[in-house]
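What follows is a single structure, written as C-alpha cells, with notes after it.
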There are 2 protein chains.
Amino acid sequence: MNPKKDVTIYDIAKQLNISTSTVSRALQNHPAINKLTKKKVIATAKEIGYQYNTFAGNLRKKSTSIIGVMVHELNSNFITSVLAGIEKVTSEAGYDIIIAHSSESYTKESANALNLFHKRVDGLIASLAYDTKNLDHYLPFHQKGIPVVFFDRVEPSDKSTVVVIDNTKCGYQATKHLIEQGCKRIAHITGNLSRNVYAHRFQGYKKALTEHHLPFDKKLLIVNDLGEEAARNATLQLLRLPSLPDGIFITNDFTAAVVIQTLKENGIVVPDDIAIVGFNNDAISKLIEPKITTINYPGIEMGEIAARQLIANLKGEENVQLTNTIIIRSDLIIRESSLKKHTPLSIASNNNANKK
Amino acid sequence: MNPKKDVTIYDIAKQLNISTSTVSRALQNHPAINKLTKKKVIATAKEIGYQYNTFAGNLRKKSTSIIGVMVHELNSNFITSVLAGIEKVTSEAGYDIIIAHSSESYTKESANALNLFHKRVDGLIASLAYDTKNLDHYLPFHQKGIPVVFFDRVEPSDKSTVVVIDNTKCGYQATKHLIEQGCKRIAHITGNLSRNVYAHRFQGYKKALTEHHLPFDKKLLIVNDLGEEAARNATLQLLRLPSLPDGIFITNDFTAAVVIQTLKENGIVVPDDIAIVGFNNDAISKLIEPKITTINYPGIEMGEIAARQLIANLKGEENVQLTNTIIIRSDLIIRESSLKKHTPLSIASNNNANKK
DNA sequence: GAAATTTACGCAACCGATTGCATTATGAAT
DNA sequence: ATTCATAATGCAATCGGTTGCGTAAATTTC
C-alpha cells in the first residue's frame, strides 16, 4: 500500500560502504572527492533509484534556488513574454521560478507575497496589481535581505530595483503622432491613474497636448478597468459626446481592438473619422482591421533584464546598486489605425519592430 | 551583515517555557491543546516574528501541499482559463500550485516533469507538448503513487485520469456546419496529427465528409505548427490550388484569424467565397472581422474538473477510479465567418455560450 | 474517596542532506 | 626511515518542525 520508503544518500553510502558525507560531496561534484568514487556513487544512485530530497537540502542550506514571480495576470502577450525572458535567464543561472498571480487584486497579491515568503524564495520579481498602492507586503523580504525587483507596474521604492519603460515618453509619442496626423480632439482611454503606468502615459498625453496648444478636455479622458465591457461602454460614451473626438490613445491593444470594433459597428471609420493608437504591440494589433498603431513594449527584454538584475543581487555582486531604476527602450509602431494622411506605408513598415 | 537567525518554534517554546511539541500542535490548532495555550503561542509567535519553515515541515511530513501543473504554453486564452479553474479549486482545498511550461517541447516537458518530481509535488496536472508521444517521464510519479491527471492534450494511459472534450464530435460538428452552409470543398488546417486533439478533430472532419458523400482531398489537409507564419503559408498554399476550397475548418482561433486576414489581403471574401470555422472561442474570435464561428472550449470548467479529480485522489477517496476519462461538454458557436446563407443572426446569437 | 476518564503537555526519535573539522591514506621530499 | 604536504574520506552536529507514545494533572463517576 504505502509506497516503499524513499532511497536516500544513506542507502547509497551503505551500499558502497562509505559515509554520507562522501556521497553528498560526490553528488555535488566536490573537488575533494576521488573521481572513481564519484562514478561509483553516481552509478549506484541511478541503480537504486535515488532522488534528491529538496527539502532536506533546503532546510540545511537555507536557500532554495527558487525565484518567485508575481504578476497581475497571465492572459496578456506582454506578461507571457516577460515570463519567457525571466525564465530564460533564471534557468540558465540554475534557478527555478514559481509564478503567482494576483488577479489584479491587492488582497491576493498580499497573500501571494506572504506565501512566496514562506516558501523561502531566494528572490522576487514582481509587477503590482491594479489597486496596489503600498508596498508593505514586501517588507518581510526587505527585512530578511531577500532582493525584490519590480517591473512594469511599480511604485517608487528605496529598497528595490525597478525596471520600466518610459511611459511618459510613450504617451507623449503616441499623442504627438495623432496630432501630427491632424487630430485636434484626442481622447484617452486608460486604467486607474494611481497606477504608475497609466499615470505616466496620461502625463505624456497631456504634455503633447499642451505642447501643441491643444486644450485638455476632461470629457475625453476615460478611466476604467480595461475589460471588454468597459471598452464598449467607453466607446459609446465618447460617441454620445456633442462633438466627437478625432483620435483616441488607448492604453492597451485589446481594449483598442474592442473600441475599434464598437466604432465600426456605429458607422465610424477608423482612422478617417477617428484615428487610434494602442499600446503593447500584442498579436491582436496586427490581426484586426485596420491594423493598430501601437507602442512596442519589449516584454522579453524586460523579463531578462529584471532577472539578470535579481541574480546579480543574489550572487552578491557588491557593485550592483540595489535601488536603481532601469528604463528599457520602447517605440512607436505605426500601422493603419492612425494614418489619416494615407502616407505610403513603407514608412510605417520600416518602423515595424517585429522579429523576423 | 548576515540577517539575524530565523525565529523557530524553539524560540516560542523557550519564551513560554513549554515544549516544541506543544507549540507545533498549538500552531496546527490541534484539539489536544488548551485554548489559552494556543492563544499565548499564537500571540508570541506574532510578537517575535515567527515564520513557518516549509522545508522542515515538508521534510518531516513527506508531503508538500503543492500541485504541479504542466502546460505546453501560457499564451493562450484557453490555457489561462484552465489555470484559473485549477487555481480556484486547489486554493480552496489548501494546495498551492507551481506552473511549469514545456514550450511545446518534449525535452523540456521531460525535464520539467523530473523537476516537479524532485520538488515532491503531491500531485500533477498536465497537458502534453506538441511532440510528446510517450509518457515515460511520468513513470516516477506513478511508481511513487503520485496521482497525475492529464487534460486536453493527452495520451491514452492506464494509470491516470484524463479530462478532455470530444474532439471528434467537435470536428464533426464544425465540418457538418460548413457543409450545411453549402460548402463542398472544405479544407482543414491543423496541428500534428499524432497529437490526440488534432487527430480526433481530423477524424470528425473526415466523418462529416463521408457522411455527406463528400470526397476527402489530401490537398485540402494542411498540417503545420500553428504559428503565424505557418498560417500565412497554409493560406497561400490553398490559394495556389487549381480549384479553391469554399470552406476551412481551422484548429484554433488565432490561426483562423491569420488565415482570414491573409485571405482578405488576397481579395477573398469571408464567408462568401470561403467560410471559416475556428476552435477554442478565444477573445480574438469576436474581435476580428468577420467574427469567427468557433467551438466553445470551456477552459475554466476543464481546470476545475481536473483539479477536483486530482484532489479527490489525494484525499484518498477510494471510490474514485484512478483511470477514467472525463469528457466535458463543448459546443459550436455560430458567428459570421461561416454564414454563407446569411441566416438571420438571432439563431447564431442564441447559440452564443458566453457567460453573462 | 478511590477508580476511571479525560485533558493537556513533554520526551525524543525522526525526516535527509550539508559541512566544518578531524582523520587517514598516499606520495613526495629530505 | 622520517617528515611533511596533499588527497580522500569520515564524524557528528545541524537545519526546524512533526508525531507516537507516555505521563501528570484535572475532572468525572459510583
Side-chain angles (χ1 to χ4, degrees), chain A residues 2-42 44-45 48-66 94 117-122 144, chain B residues 2-42 44-45 48-66 94 117-122 144:
Chain A
N2 241 11
K4 34 194 176 297
K5 267 179 77 123
D6 283 331
V7 1
T8 74
I9 56 169
Y10 291 90
D11 301 316
I12 302 179
K14 209 169 298 168
Q15 185 121 152
L16 290 173
N17 237 332
I18 57 180
S19 76
T20 60
S21 334
T22 305
V23 174
S24 174
R25 291 190 176 104
L27 257 16
Q28 296 174 70
N29 201 20
H30 189 110
I33 301 293
N34 188 308
K35 284 200 177 179
L36 186 66
T37 315
K38 281 184 193 169
K39 264 196 189 132
K40 280 197 275 186
V41 167
I42 291 169
T44 46
I48 64 180
Y50 166 76
Q51 292 291 350
Y52 181 79
N53 185 318
T54 326
F55 303 123
N58 288 342
L59 175 58
R60 182 60 226 253
K61 283 186 301 189
K62 294 189 158 231
S63 102
T64 59
S65 293
I66 293 180
F117 183 70
H118 281 164
K119 292 228 176 69
R120 300 282 209 279
V121 296
D122 284 354
K144 231 183 131 195
Chain B
N2 239 10
K4 36 194 175 294
K5 265 180 79 127
D6 283 330
V7 2
T8 73
I9 55 169
Y10 290 89
D11 300 317
I12 301 179
K14 209 170 296 168
Q15 186 123 150
L16 290 173
N17 237 329
I18 56 180
S19 77
T20 61
S21 333
T22 304
V23 175
S24 173
R25 290 190 177 106
L27 258 18
Q28 297 173 70
N29 201 19
H30 189 110
I33 301 293
N34 188 309
K35 284 199 176 180
L36 185 68
T37 315
K38 281 184 194 170
K39 265 194 189 136
K40 280 197 275 186
V41 167
I42 290 170
T44 46
I48 63 180
Y50 166 75
Q51 293 289 353
Y52 181 79
N53 185 316
T54 326
F55 303 123
N58 288 342
L59 175 58
R60 183 57 225 248
K61 282 186 303 188
K62 295 188 158 233
S63 102
T64 58
S65 294
I66 293 178
F117 184 70
H118 281 164
K119 291 228 176 69
R120 300 282 209 278
V121 295
D122 284 353
K144 231 183 128 197

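In what follows, chains carry the letters A, B, and so on, assigned in the order in which the sequence lines appear, proteins first and then strands, with residues in each chain numbered from 1.
Considering only residues two or more places apart in sequence or on other chains, A:K40 meets the salt bridge (charged side-chain N to carboxylate O under 4.0 Å, His left out) condition with none of them. Among residues two or more places apart in sequence or in another chain, the side chain to side chain contact (heavy atoms under 4.5 Å, CB included) test is passed with A:D11 by A:V7, A:T8, A:I48.
For the residue pair B:T64 / B:N58, no side-chain donor-acceptor distance below 3.5 Å is found, with atom types taken as modelled. Side chain to side chain, B:T22 and B:S19 meet the donor-acceptor criterion of an N or O pair below 3.5 Å.
Put simply, CG on B:N34 is 15 Å from C1' on D:dA24, counting in whole angstrom units. One can place NZ of B:K14 at 13 Å from C1' of D:dG16, the figure rounded to the nearest angstrom. The CZ atom of A:R60 sits 13 Å away from the P atom of C:dA17 (whole-angstrom rounding). What separates CG of A:L59 from P of C:dA17 is a distance of 12 Å, to the nearest Å. As rounded to whole Å, 14 Å separates atom P of C:dG10 from atom OH of B:Y10. Summarising the geometry, the separation between NE2 on B:H118 and C1' on C:dG16 is reported as 14 Å, rounded to the nearest angstrom. Taking atom NZ of B:K61 as the reference point, atom C1' of C:dG16 lies 16 Å away to the nearest angstrom. Atom pair B:K35:NZ and C:dC9:P shows a separation of 13 Å (rounding to whole Å applied).
Comparing atom distances between the A:T37 side chain and each of D:dT18, D:dA8, D:dG16 picks out D:dA8 as nearest.
Side-chain atoms of A:Y52 and base atoms of C:dG16 include no donor and acceptor less than 3.5 Å apart.
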Original post:
Can you check side-chain contact (heavy atoms from CB on, under 4.5 Å) on B:R25 and B:V41, steps first, answer last?
Top reply: CA-CA 10 Å; B:R25 290 190 177 106; B:V41 167; over 6 Å; no
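The side chain of B:Y50 places an N or O atom within less than 4.0 Å of a non-bridging phosphate oxygen (OP1 or OP2) of D:dG17. In terms of phosphate contacts, A:K62 brings no side-chain nitrogen or oxygen within less than 4.0 Å of OP1 or OP2 of C:dT18.
B:D122 places no side-chain N or O within 3.5 Å of a backbone atom of B:S63 that could act as its donor or acceptor partner.
As judged by a 4.0 angstrom heavy-atom cut-off over every strand, A:I9 is placed among the base-contacting residues.
Here the rule is side-chain hydrogen bond (donor to acceptor under 3.5 Å, both in side chains) with B:Q51, and of A:H118, A:K144, A:R120 only A:H118 fits it.
Of the residues in residues 16-30 of chain B, those placing a heavy atom less than 4.0 Å from an atom of DNA chain C are B:N17, B:I18, B:S19, B:S21, B:T22, B:R25, in numerical order.
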